[in-house]
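A short write-up of the structure that comes next.
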Amino acid sequence: NLQESESENKLDGETASDSESKSEFGGSPPVPTSDDTPEVLNRALSNLSSRWKNWWVRGILTLAMITFFFIIIYLGPMVLMTIVMCVQIKCFHEIITIGYNVYHSYDLPWFRTLSWYFLLCVNYFFYGETVTDYFFTLVQREEPLRILSKYHRFISFALYLTGFCMFVLSLVKKHYRLQFYMFGWTHVTLLIVVTQSHLIIHNLFEGMIWFIVPISCVICNDIMAYMFGFFFGRTPLIKLSPKKTWEGFIGGFFATVLFGLLLSYVMSGYRCFTCPVEFNNDTNSFTVDCEPSELFQLQEYNIPSVLQSVVGWKTVRMYPFQIHSIALSTFASLIGPFGGFFASGFKRAFKIKDFANTIPGHGGIMDRFDCQYLMATFVNVYIASFIRGPNPSKLIQQFLTLRPDQQLHIFNTLKAHLVDKGMLGRLEDA
Amino acid sequence: EVDLEERLAELDLRSDSDIPDVPLPTDSTPEILKRALSGLSARWKNWWIRGILTLAMISVFFLIIYLGSFMLMLLVLSIQVKCYHEIITIGYRVYHSYDLPWFRSLSWYFLLCVNYFFYGETVADYFATFVQRREQLQFLIRYHRFISFALYLTGFCMFVLSLVKKHYRLQFYMFAWTHVTLLITVTQSHLVIQNLFEGMIWFLVPISSVICNDITAYIFGFFFGRTPLIKLSPKKTWEGFIGGFFSTVVFGFIFSYFLAQHQYFVCPVEYNSETNRFVTECEPSELFQMKKYSLPPLLQAVLGWETVDMYPFQMHSIALSTFASLIGPFGGFFASGFKRAFKIKDFADTIPGHGGIMDRFDCQYLMATFVHVYITSFIRGPNPSKLLKQLLILQPEQQLSVYKTLKSHLVEKGILQPSLRG
């Protein structure tokens, strides 16, 4: 990576106290980014002016990313999980590298190892919680996995503590402040990047539609707001991002809500998108097969009288999920951009143009995902609050750790409740 | 006019020795103490002040324990707020950012949000009957996560809208500083309260072990100290460390013995809806019932007994004391490093002779998390009433399938007799 090697050259022969000369620069110089566009594209577009070239590069890469997105959806949940994991690692790497560049702290002892170690610990903790829930029967069968899952929190905590103690032992005189900065930087990055990616995976397991619709809405809002801004943009939206306009914002909002409605309509018809992802122990693979819940069954809705005169229909057949998609699209259009503004402010604060130069014309992976941060958390909170209750297999797992008398008490209460509801006949041996 | 951003960027890159000291807080020793001790030399005066304040703090601690769980919860909450305030104030002083727009309000707002989230989760569990009776509370509990998230988002959006040109970096620093502080102080304090609800003994023994380790390590270091332990804290010695370890284990062992006998300390705290008070009354679990343990032959020869009557909890107290003595100090080293990094002598000057509240609690950070993880991993399983509540929220078909699974499991284990077919 050209950017990293340039910064490393600067550090040769410098010590941390050799900073008087730096003040002559008037602050940290902007992190250099090199042109990463592949040779092929460069030659193909060599005739056009640089402005159009930029447009074409962005356009081609956008199409490439969307195609890639469709391919992995086709490949299934396992590949999606792996992709989410890779994106998470790359985002973490990008943000940590910015920290290194800002603080010129490549030569800090241990720190790169410690950052990756903390990433591993937090991922271990989160994946352990998820794996135990969804792969419950698999875990119960294998003895070592069962022990790991039973004492999971303790093991994760012990691993984290080891990292913490290593950090304390690695503190070096004259570099305390830098080390604490990087420690804080690592933890905030973990908080943002790793938790979001795990919430995305939770949403994915709920049903692929809960993964695809939010992400598509954010992407659509990005593109629509840009187009509306390009054609109609006049009033600036916020000082942080001078290119954003109110016209783009509002146009993007309506376009995204409409897009969300249409996309949900198309997707709700297919079981592979609406069914929760489950792990089949016999075939040792993921299956998406179920009886669609009532969210994904067509229902007649009465159109309010206002719209009746406009549209000419009295009722319309919709999936209930489409109503939820309005909430998701609204969030993606109104609050999602704040994630983008946050990232813009961050880039200005640390005087960087892009997070990295991974994608030509677009910047780093983080640049593409900055609006997605809040979306994943929102979808997860939304599902937990309004859609489903707790996870049954997790409850069973907790039940099995109780004492026998507690188990009996709960069993009898549940039985009485079911009999009450008429789900269970008194003499029936269910 | 020097660009604030550029000046800060320079500051970041300089080594620690170039950073100017944060001005020392003023001496806030009360007048009474000053007059009483005016006769002594400065060194003895310092000693006396520390001693008197130590005794005062321990007395306050005992008083609050006597007053009960509710007062303890309030105390924990006040300490959390004060610790948060101390760390945030340091951030302000380091970055000279008192005049940043909105930031003080935002910091307190985030503290409120996170506390609301955590207290909401706890209240829903423990005050279940109280909550069931009131309609508004039921609504708040049902959509608790959504409401908390919405509150947090409002703060986040306010932060983004408050970003001001030329102050971006400072504002991001304070944002991150706030979040890391919340992570440290607020989560720990809630884990302390969860431990407290498990039984006051789970609150008292860990905290006392850490305090005991502090004091005995100091005393051993004072009398026998020779080999320095770590460059970060030059006053700590290996002799103090090891001596403190053994004394803390013995202390924890003996202290648990006394506490385990009283229901007041041993029983989980429960909220009684009729009397609207907290009660600690129960059948003590097997952890707190005397058992005979056979001594290993090695100790038999030394002590001359063959068996000893102990509470199983005392074995757990050894684990707790070991953690308090071996890993707890790392929390203290972390705080020392932090103070050196930002060139402050104490976190604040709240307690004369001792510094701020944080200075007293720096070793407690990791302890609370450890005790919580220890309890959930080794002592108790999940809370049965919470589990039942979640079961009843499920869809009827899910409930039926769960019922079948549970039934087959119970029959398998012989807990439930298979019913006869009619």
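Here is how names work: the chains are called A, B, and so on, in the same order as the sequence lines, proteins then strands, and each is numbered from 1.
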Using 30° and 60° as the class boundaries, would you call the ring planes of A/Tyr382 and A/His324 parallel, tilted or perpendicular? perpendicular

Once the angle between the rings of A/Phe125 and A/His152 is folded into 0 to 90°, is it parallel (under 30°), tilted (30 to 60°) or perpendicular (over 60°)? parallel

Taking side chain as everything from C-beta outward and backbone as N, CA, C, O, which of these in [X] sits under 4.5 Å from a heavy atom of chain A? Side chain, backbone, both or neither.
| X | answer |
| --- | --- |
| B/Phe149 | side chain |
| B/Leu153 | side chain |
| B/Phe334 | both |
| B/Val160 | both |
| B/Tyr152 | neither |
| B/Ser148 | neither |

Are A/Phe118 and A/His187 near enough that their ring centres are under 6.0 Å apart?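 Yes: the rings meet the under 6.0 Å criterion.
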
Answer with yes or no after comparing the ring centroid distance for A/Phe346 and B/Tyr168 against a 6.0 Å cut-off, counting only values under it.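 Centroid distance A/Phe346-B/Tyr168: not below 6.0 Å, so no.
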
Among the listed options A/Phe167, A/Phe378, A/Phe341, the residue most often paired with chain B at heavy-atom distances under 4.5 Å: A/Phe378

Taking A/Ile238, A/Leu191, A/Thr377 one by one, which has the highest count of heavy-atom pairs under 4.5 Å against chain B? A/Thr377

Min side-chain heavy-atom separation A/Trp185-A/Tyr181 under 4.5 Å: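 No, every pair of side-chain atoms sits at 4.5 Å or beyond.
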
Within the 4.5 Å heavy-atom criterion, are A/Val379 and A/Leu328 side-chain neighbours or not? yes

Who pairs with A/Lys244 by side chain to side chain donor-acceptor pair (under 3.5 Å), at least two apart in sequence or on another chain?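 By the side chain to side chain donor-acceptor pair (under 3.5 Å) rule, A/Lys244 matches no residue at all.
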
Apply side chain to side chain donor-acceptor pair (under 3.5 Å) to B/Ser233 and list each qualifying residue two or more places apart in sequence or on a separate chain.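 Counting only residues at least two positions away or on another chain, B/Ser233 forms a side chain to side chain donor-acceptor pair (under 3.5 Å) with B/Ser336.
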
Who wins among B/Leu183, B/Leu366, B/Ile327 for the most heavy-atom pairs under 4.5 Å with chain A? B/Leu366

Select, from B/Gly331, B/Ala150, B/Gly337, B/Ala176, the one with the greatest count of heavy-atom pairs under 4.5 Å involving chain A. B/Gly337

Contacting region of A/Phe180 [heavy-atom separation from chain B under 4.5 Å]: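 It is the side chain, since no backbone atom gets that close.
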
